[in-house]
Amino acid sequence: QRAKVLPPTVVVVSYGSTWLLVPKGKQQESGLLEDFVKRLADIDKKTGSPKRRLLLGESMGGLNVLVAGLTHPEKFAKIASLCPGVYATSPFASFSEMKRTLVRTGADPKIGFGIWWMAKIYVATEAEWKRVSPLHLIKRANAQHPAMYLSNGLYDSYGNFEGTQMLAELAEERGVSVEWHPLYGGH
């Protein structure tokens, strides 16, 4: 108030209790990314066009904001992704590779296999997975992409720390402005 800066307009978007912003693919549940981007104009009509559009999400929401921001970098100024579901191992990897990933990351096996099962509700093939994996999307990034704030708990039972740290490193290599904040603790 003293600086005479207007507070931000906060818009919360939800498609239900479990959802992923993925492009239209073979799975019936896919296509929310296009719907979300299309709805930005409707949101702007109600709230006014923003000077800067920022994305913030935690956990599954953290993955969603990464997918949206990295797929449509021209629409967003910054991304804050807290404990995002970023995985180095594809849900189409072999069972033994998934098991090794769970051991390596310290993820709870029930959670880890549940996440991989859920991913297959939204993506049908390895190629579709690569269209939403932040570790693949970041390879197209450059210094003009949205600045990123990434954080994750070192003892995340979802096994997200490894992938989020890799994302931060790859973003930095690509010239993306990134703040990486590993945290002591869990998810």
Side-chain angles (χ1 to χ4, degrees), residues 12-14 18-23 32-33 36 53-73 75-93 97-123 126 128-187:
V12 178
V13 176
S14 178
T18 304
W19 50 280
L20 292 177
L21 289 178
V22 299
L32 289 180
L33 181 60
F36 171 72
R53 183 175 279 119
L54 314 176
L55 292 167
L56 168 68
E58 181 180 10
S59 193
M60 182 174 23
L63 172 60
N64 284 330
V65 298
L66 288 169
V67 173
L70 293 173
T71 304
H72 296 281
K75 297 191 179 295
F76 306 100
K78 292 185 178 184
I79 302 167
S81 184
L82 318 173
C83 290
V86 178
Y87 295 96
T89 304
S90 160
F92 299 97
E97 178 60 28
M98 288 185 189
K99 190 175 175 184
R100 283 193 297 274
T101 298
L102 294 172
V103 170
R104 183 179 68 246
T105 63
D108 178 307
K110 184 177 178 182
I111 292 172
F113 284 115
I115 295 292
W116 279 306
W117 172 81
M118 185 184 78
K120 290 183 177 185
I121 293 171
Y122 296 92
V123 293
E126 181 72 23
E128 286 185 13
W129 168 251
K130 288 181 179 179
R131 293 189 313 167
V132 298
S133 167
L135 294 174
H136 288 277
L137 292 172
I138 198 67
K139 293 175 183 175
R140 301 183 322 208
N142 58 42
Q144 279 67 52
H145 271 63
M148 295 171 43
Y149 176 98
L150 300 170
S151 70
N152 207 304
L154 182 59
Y155 303 107
D156 186 314
S157 60
Y158 285 75
N160 297 149
F161 187 90
E162 174 189 65
T164 307
Q165 183 174 32
M166 290 171 69
L167 178 62
E169 292 167 358
L170 289 168
E172 191 172 315
E173 287 173 16
R174 302 290 305 166
V176 176
S177 175
V178 62
E179 286 186 49
W180 165 229
H181 295 275
L183 305 172
Y184 183 82
H187 190 69

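What you are looking at is a predicted structure, and each value in this text was computed from that prediction instead of being measured.
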Would you tabulate the side-chain donor-acceptor contacts of residues 128-137 under 3.5 Å, counting partners in other chains and residues two or more places apart, or write 'none'?
residue : atom : partner : partner atom : Å
E128    : OE1  : A124    : N            : 2.9
E128    : OE2  : K26     : N            : 2.8
R131    : NH2  : K24     : O            : 2.9
S133    : OG   : L135    : N            : 3.4

Between S81 and G62, the two heavy atoms sitting closest are OG-O, 2.9 Å

The side-chain hydrogen bond (donor to acceptor under 3.5 Å, both in side chains) partners of R100 (sequence neighbours excluded) come to E97

By side-chain contact (heavy atoms from CB on, under 4.5 Å), E58 pairs with (sequence neighbours left out) L82

Distance col, row Y158:OH vs C83:SG, nearest 0.5 angstrom, shows 10.0 Å

Could you tabulate the donor-acceptor pairs under 3.5 Å formed by side-chain atoms of residues 159-171, not counting sequence neighbours?
residue : atom : partner : partner atom : Å
N160    : ND2  : Y87     : OH           : 2.9
E162    : OE1  : R104    : NH2          : 3.1
E162    : OE2  : R104    : NE           : 2.5
E162    : OE2  : R104    : NH2          : 3.3
T164    : OG1  : N152    : ND2          : 3.0
T164    : OG1  : N160    : O            : 2.9

Closest heavy-atom pair, A77 versus L54, reported as atoms and distance to 0.1 Å, is CB-CD2, 4.0 Å

Contacts satisfying salt bridge (charged side-chain N to carboxylate O under 4.0 Å, His left out) that involve residues 172-185 (not counting sequence neighbours) are none

Quiz item: Do L56 and V65 have side chains that get closer than 4.5 Å, going by heavy atoms?
Solution: no

Sorted by chain and residue number, the side-chain contact (heavy atoms from CB on, under 4.5 Å) partners of V103 (sequence neighbours excluded) come out as none

Sorted by chain and number, sequence neighbours left out, side-chain hydrogen bond (donor to acceptor under 3.5 Å, both in side chains) with S157 holds for none

The side-chain hydrogen bond (donor to acceptor under 3.5 Å, both in side chains) partners of T89 (sequence neighbours excluded) come to T101

Sorted by chain and residue number, the side-chain hydrogen bond (donor to acceptor under 3.5 Å, both in side chains) partners of E126 (sequence neighbours excluded) come out as S90

Contacts of K99 meeting side-chain contact (heavy atoms from CB on, under 4.5 Å) (sequence neighbours excluded), chain-then-number -> F95

_Do I121 and L20 make a side-chain contact, defined as non-hydrogen atoms from C-beta onward lying under 4.5 Å apart?_
no

Sequence neighbours excluded, the answer for ring pair (Phe, Tyr, Trp, His ring centres under 6.0 Å) partners of H145 is none

Decide yes or no for V67 and F36: does some side-chain heavy atom of the first lie under 4.5 Å from some side-chain heavy atom of the second? no

In short, L102 meets P109 closest at the heavy-atom pair CD1-CA, 3.8 Å

_Counting neighbours of NZ on K78 that are heavy atoms of other residues, nucleotides or ligands and sit closer than 6.0 Å, is the number greater than 12?_
no

**Prompt:** Just wondering, do I138 and M148 contact through their side chains at under 4.5 Å, heavy atoms?
**Reply:** yes

Value for OH (Y149) from CH2 (W180), rounded to nearest 0.5 Å, stands at 10.0 Å

The reported gap from CH2 in W116 to CD1 in I111 (rounded to nearest 0.5 angstrom) is 11.5 Å

Residue set satisfying side-chain contact (heavy atoms from CB on, under 4.5 Å) with T18, at least two apart, ordered chain then number -> M60, M118, Y122

Scanning both residues in full, the closest heavy-atom pair of P84 with L66 reads CB-CD1, 3.8 Å

